[in-house]
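Below is one structure, written out as structure tokens; the observations come after it.
Letters A, B, ... are given to chains in the order of the sequence lines, protein chains preceding strands, and every chain is numbered from 1.
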Amino acid sequence: MIDQETIGLLMKGVNNVTWQSLVMIGVSFVLFYLAIVKDYEPLLLLPIGAGCMLANLPLSPLMDDTGMLKILYGMGVENELYPLFVFIGIGALTDFGPLLENPKFVLLGAAGQFGIFLTLILALLMGFTQPEAASIGIIGAIDGPTSIYVSGLLAPHMLGPITVAAYSYMSLVPIIMPPVIYALTTKRERLIRMPYSQRKISRRTRIMFPIVVTVMVGTLVPFATPLIGMLMLGNLMKESGAVERLTKASSNEIANTVTLLLGLAIGSTMGGADFLKTSTLFILVLGLLAFCVDCAAGVLFAKFINLITGGNTVNPIIGAAGISAFPMAARVCQRVAQDEDFENFLLMHAMGANAAGQVASVVAGGVLLALMGAGG
Amino acid sequence: MIDQETIGLLMKGVNNVTWQSLVMIGVSFVLFYLAIVKDYEPLLLLPIGAGCMLANLPLSPLMDDTGMLKILYGMGVENELYPLFVFIGIGALTDFGPLLENPKFVLLGAAGQFGIFLTLILALLMGFTQPEAASIGIIGAIDGPTSIYVSGLLAPHMLGPITVAAYSYMSLVPIIMPPVIYALTTKRERLIRMPYSQRKISRRTRIMFPIVVTVMVGTLVPFATPLIGMLMLGNLMKESGAVERLTKASSNEIANTVTLLLGLAIGSTMGGADFLKTSTLFILVLGLLAFCVDCAAGVLFAKFINLITGGNTVNPIIGAAGISAFPMAARVCQRVAQDEDFENFLLMHAMGANAAGQVASVVAGGVLLALMGAGG
Amino acid sequence: MIDQETIGLLMKGVNNVTWQSLVMIGVSFVLFYLAIVKDYEPLLLLPIGAGCMLANLPLSPLMDDTGMLKILYGMGVENELYPLFVFIGIGALTDFGPLLENPKFVLLGAAGQFGIFLTLILALLMGFTQPEAASIGIIGAIDGPTSIYVSGLLAPHMLGPITVAAYSYMSLVPIIMPPVIYALTTKRERLIRMPYSQRKISRRTRIMFPIVVTVMVGTLVPFATPLIGMLMLGNLMKESGAVERLTKASSNEIANTVTLLLGLAIGSTMGGADFLKTSTLFILVLGLLAFCVDCAAGVLFAKFINLITGGNTVNPIIGAAGISAFPMAARVCQRVAQDEDFENFLLMHAMGANAAGQVASVVAGGVLLALMGAGG
Amino acid sequence: MENLEWGLKMTVLGMGLVFALLGLLWALLTVILMLDKEPKAVVSELETNAEAERIAAVADDAVGAQVPEPATVNGMPADLVAAILVATMKHKLILRRQAAPFMRSYWPGSQLFASRWVASGRARQTTNWQPRGK
Amino acid sequence: MENLEWGLKMTVLGMGLVFALLGLLWALLTVILMLDKEPKAVVSELETNAEAERIAAVADDAVGAQVPEPATVNGMPADLVAAILVATMKHKLILRRQAAPFMRSYWPGSQLFASRWVASGRARQTTNWQPRGK
Amino acid sequence: MENLEWGLKMTVLGMGLVFALLGLLWALLTVILMLDKEPKAVVSELETNAEAERIAAVADDAVGAQVPEPATVNGMPADLVAAILVATMKHKLILRRQAAPFMRSYWPGSQLFASRWVASGRARQTTNWQPRGK
Ligand code: NA
Ligand code: NA
Ligand code: NA
């Protein structure tokens, strides 16, 4: 009654287990560990881990052409909808006030993008193609949605490791930044206090900021329009104070739903065949390097400002905050400063640099896309 | 190293700025001003402004075939999903009790749709095509989702100005209605008091109302089924009291999300080439006229009732409330009445007429579609 | 002026009323009655009723190829997205602790799936095709999303009655279960008390449970991966405690929205031509039978355990809880037990069997799909 | 001219249909309400108004429902007018009560004149006032 | 007949597989729980029941989880029964305490019989009881 | 080598553009701020820090914003450090006040050092601090 054929069909699942799928399921366990036990960006890494696990189960119907994970991928990763929605939510919760009070800090944000390009060169030398190298470099923006957006356009086959790297390293800010700062600054520099001139930012200016940035960046770097446009849309909704319902929806319901779907879809790209390559290891290493170079460039640029202006007006610690991990990078800078002198309060300055880093990393992403479009 | 070609590519954005796009970005600033400073329907006009701005930035990737704004348009404007979802939310927050207590007021709602057809004639005379004229007329429903639904079917190329007009004029209710009322009524008429016979509306009746309306209107005017069906679905969910979770979701999470996406998508239709025509100006003027005619027709019809019945039982002020701007039109009527005699309380009567206007404008939308389908 | 043609077009709606559509609108009223007055799963049955009503109105534009109901169907029923999202939400609110404290109860869950297969045989004998018979049998899982998922794959033309049956019978748990229990147990058996050994379940175990179940079931029955994967994803998010935002979104915003859309889409499949067949009656009767057989099998299996182990350690009442209507089935068992002896507390044991029933019915759904794929 | 004719035809047909449909609705509602047999009762205008404000306040939460400009009466803030009004009505009530005292379940105007903002807050507290189930 | 045969085959295979899979799950869970080495403790039925009610109350929020009819015991409202029950148990406790007094961390039944509605409210307050992070 | 050249070109162009764009932004912001003509005022570092904490706490709600490890200063919990700090600053203030008493709208440090968690709670209370409309 139970014939050979039936047994064969019933054992189909077990027969299709491969060592790659087992390893990838192990990788998903690592992601669960990082997310749950180490608390590394659990909102992203847990769904990514789940997507990875479900995609690597043998013959997973979720990965059919009409499977859920494929549909989720098509719904928002392929067309870049998810990262753009996430950006609306981020914009709705980011206060650019600290940057507006000290607009000169925008340059620190620019300096903090140097890691992108250095890593790009290294990746090229390691044999990655130009779009791949650019995608690896963008990890140096230390900005999840930007990394997903850019690499989704340039090298979708590397989306998995790049996203995992971007979000993991965002979580490693408190671990990676301090040694870089200590290595590049003297105690005397770290003790520099920065007096604070408060300037009341009018509501008009707060509302004009997102509009001006969108029009300026969008006109000069059209490739950056989606990223900067959505970030600034969220900010405009917040600062206008007129659409609280939409602001709340963007930073809560929409952000939560999209994050879950995004994580699952990204995780589903982590198939064994694509992921288990030495290139993945290189991506992780290069991404980490990009992050360190970002911090270093920021610190050195701050020192360079001091050199130029001939005074000790900028504590180089805050140079390291010129990345997009807002507001964590700023907090870590404050902690490093306070470790030297617990009456030294740099947080507001660091927040300014950090907000600049948020804008700068989006701009850098757009510039990278523009150069790649122009490029080669 | 930086060759001519690269520079050309980098300047692509600036080179593609056109005067039309600049003007349209200016229009988006006007929309921001109306939304934020004047508080005109900010939930719609702010996202519309943002969509307009982002669509008119040079070479905006958001307007590519796979660009976010195009996708949002396809997701819910092209297939009319957004306005229908918005209607579920409106139905979930509309209490038809005042209408049920005085069902005769439904006729005031009918009178308030006269502007639709008068404007249609004027638009025809100005040279608009028949579907265009019908779409302009529907602004006279003073009902955002109905206008979007009808013009999305008949004249999608005019969706931008029609939607902006519909929502702007909804906001102008407190400014436009009073002079029309004053012009058409005598002081003696405005002083008419309307005693109120309260009737307890049973829960059964409240639940039967949306079902009866849906079946009746849907059977007689199939073109109105989507609009009336969704409005009444929301109301049924509310009155049933059995699905609070869904009622809440419809009027909050879903409504907020859809409003944001709808606004962005509508804004994205406002390309310079389509928008910067004299026809846009005509649309705005004719829409305003439609609104005024609605109010006037309602007031005159109320006076006509008094004439027929030979008594002064209906204060003609409430005739002006027979439009769909619920509950604002009713409130404005109450204020006008109270300006004459601050012990005159018409609000409940006006709310009845207003609820009727909500139903009537949906019916009128369906009738218009039916006649256009039948038409010509 | 109003010519024959115009009148004909205006009467189109009325002319297209058929007796089938009238009957189906009547069916939708019955669904409203069950949902609102009898409080039978109103979250599902009210939207299903609304979908049914709207789909059966004459010439309903909602049922066009680009009509809303068709779109909602394509968005989540055709590709099975809705039931899978619902499962994430169910997983996020299900506590498998009672099962973990008494893992032996998993077998009661297995026994509670017997109705599926018995009904399948009966349906075959009545002349249904094999996929149809399997779809009818799955009503015996007494699990809405599983029923929708399986029958959506095997017999989408029967989705309407199967879903209605599944959710209605879930609501009938308090009415159907007690007589079955009384019929198959003696008073002495119903008086059996079950002492409770509490075991603290570590957080590690709670987190490992969903992962282990997913990997095990997914590997052995790939067809069950989507169902079990989403149920366990929700549970993992909950138990991890690290992604509260996503857990909340899954069990609230997402669940509510999807439930509304799912109900409307399912309702829209209930066209007169498909629904008004004797087969629909058979489906309803067979589904009810499946449910009764489930309960009976659970009770008998519990008695069988007592027979094997030679003691009266298991109160057979809790055998009836081995279905997926969590936690209602468990509560009904507790009430039956307390009706005999109001100091008899079986709830925790029954919850264990009930949680097992939840897992088992998903496994049974996957097994059924696997056998059908293997099958015939 | 042809267009004008078509437009006039649309207007006649359109307004005719709208009136016909809403007239039919009126008839249906009247029948339904007759089945209900709920008694009518004349209630004070102040109470009716407060109830209407409550209903309006719930609807204010709808997308596209404008929260209106602060109400003014003859240029005075509505709250002030309301206070004057309540005082006036109270006075009338006292006169009426003195004229013909009798027991009532509640005094007309007892709910006073709740400003829209108060009414709105109250409405939000009590939005889910429908008892669930039967 | 062919159909019947196929159906029986499905039943045997299907139930066999379901039992086999859940049996395997039983084995796996037993192993996992053995690794945990958490001690077992006999606890009062009342406490267990209250805990079970709490779990059920959380699950009640799931879509498709019926909120059941109000519980009755032999036709009496469950709350009344619960009160009687608690009184009975308290009495037993006192007898037991008098017989053999000793210190316990908590008295059986100390949490009393929380009605489902109380339990439900409590559960909602404490839904996020899992500490975040480590 | 060709790749290296391309990479260097990308780096120069890329960083050049990023700096150019942000420099332009700097210029624009400066112009906008000049139009504002809001006065600058030197404020106490403690107050500034508390304000910065408030801003950071709002941003913590963004997806992808890590809630950081509990802050420590030289291994001591930040709260303890804050307490010491406040005491120290208070002492300084007293000394300063004794040296040159004068009226100020508020004392530097008067808002004290709010720990991040306190600041966070406050921020959440006051998130919608922007007045609606005009
Ligand atoms: Na960055
Ligand atoms: Na209207
Ligand atoms: Na089941």
Can you tell if the side chain of V12(D) reaches within under 4.5 Å of the side chain of F117(B), non-hydrogen atoms only? no
T259(B) portion near chain D, given a 4.5 angstrom heavy-atom threshold: side chain
Between A59(D) and F326(B) the two heavy atoms that sit nearest each other are CB-CE2, 3.5 Å
Heavy-atom distances under 4.5 Å only: say whether L25(D) touches chain B with side chain, backbone, both or neither. both
Under 4.5 Å between any side-chain heavy atoms of L347(B) and E51(D), yes or no? no
Please name the pair of heavy atoms, one in Q113(B) and one in V18(D), separated by the smallest distance, quoted to 0.1 Å. CG-CG1, 4.4 Å
Is F105(B) in contact with chain D via its backbone, its side chain, both, or neither, using a 4.5 Å heavy-atom distance? neither
Less than 4.5 Å apart, side chain to side chain, heavy atoms only: is that true for M10(D) and Q130(B)? no
Criterion side-chain contact (heavy atoms from CB on, under 4.5 Å) on V221(B) and L17(D), from CA distance to verdict: CA-CA 9 Å; V221(B) 195; L17(D) 275 168; 5.8 Å; no
Looking at R331(B) and A57(D), what are the two nearest heavy atoms and their distance? NH2-N, 3.8 Å
Nearest 0.5 Å, what's the CD1-CG distance between I32(D) and L100(B)? 8.0 Å
To the closest 0.5 Å, what do you measure between CG (L120(B)) and CH2 (W6(D))? 5.0 Å
Given side chains that start at C-beta, do those of L4(D) and I121(B) come closer than 4.5 Å, heavy atoms only? yes
F19(D) ring center near F301(B) ring center (under 6.0 Å): yes
Quick one: are I201(B) and L33(D) in side-chain contact, heavy atoms under 4.5 Å? yes
To the nearest 0.5 Å, what is the distance between NZ on K104(B) and CG on L29(D)? 13.0 Å
Below 4.5 Å, heavy atoms only, C-beta onward: do D95(B) and R54(D) meet side chain to side chain? yes
For the residue pair L124(B) and G7(D), what are the closest heavy atoms and their distance? CD1-CA, 3.7 Å
Answer whether the closest heavy-atom distance between the side chains of N49(D) and L346(B) falls below 4.5 Å. no
State the CG-CE distance between N3(D) and M126(B), to the nearest 0.5 angstrom. 13.5 Å
Under 4.5 Å between any side-chain heavy atoms of V367(B) and L21(D), yes or no? yes
When A111(B), G97(B), A92(B) are compared by non-hydrogen pairs under 4.5 Å with chain D, the top option: A111(B)
At what distance, to the nearest 0.5 angstrom, does CE of M351(B) lie from CD of E53(D)? 8.0 Å
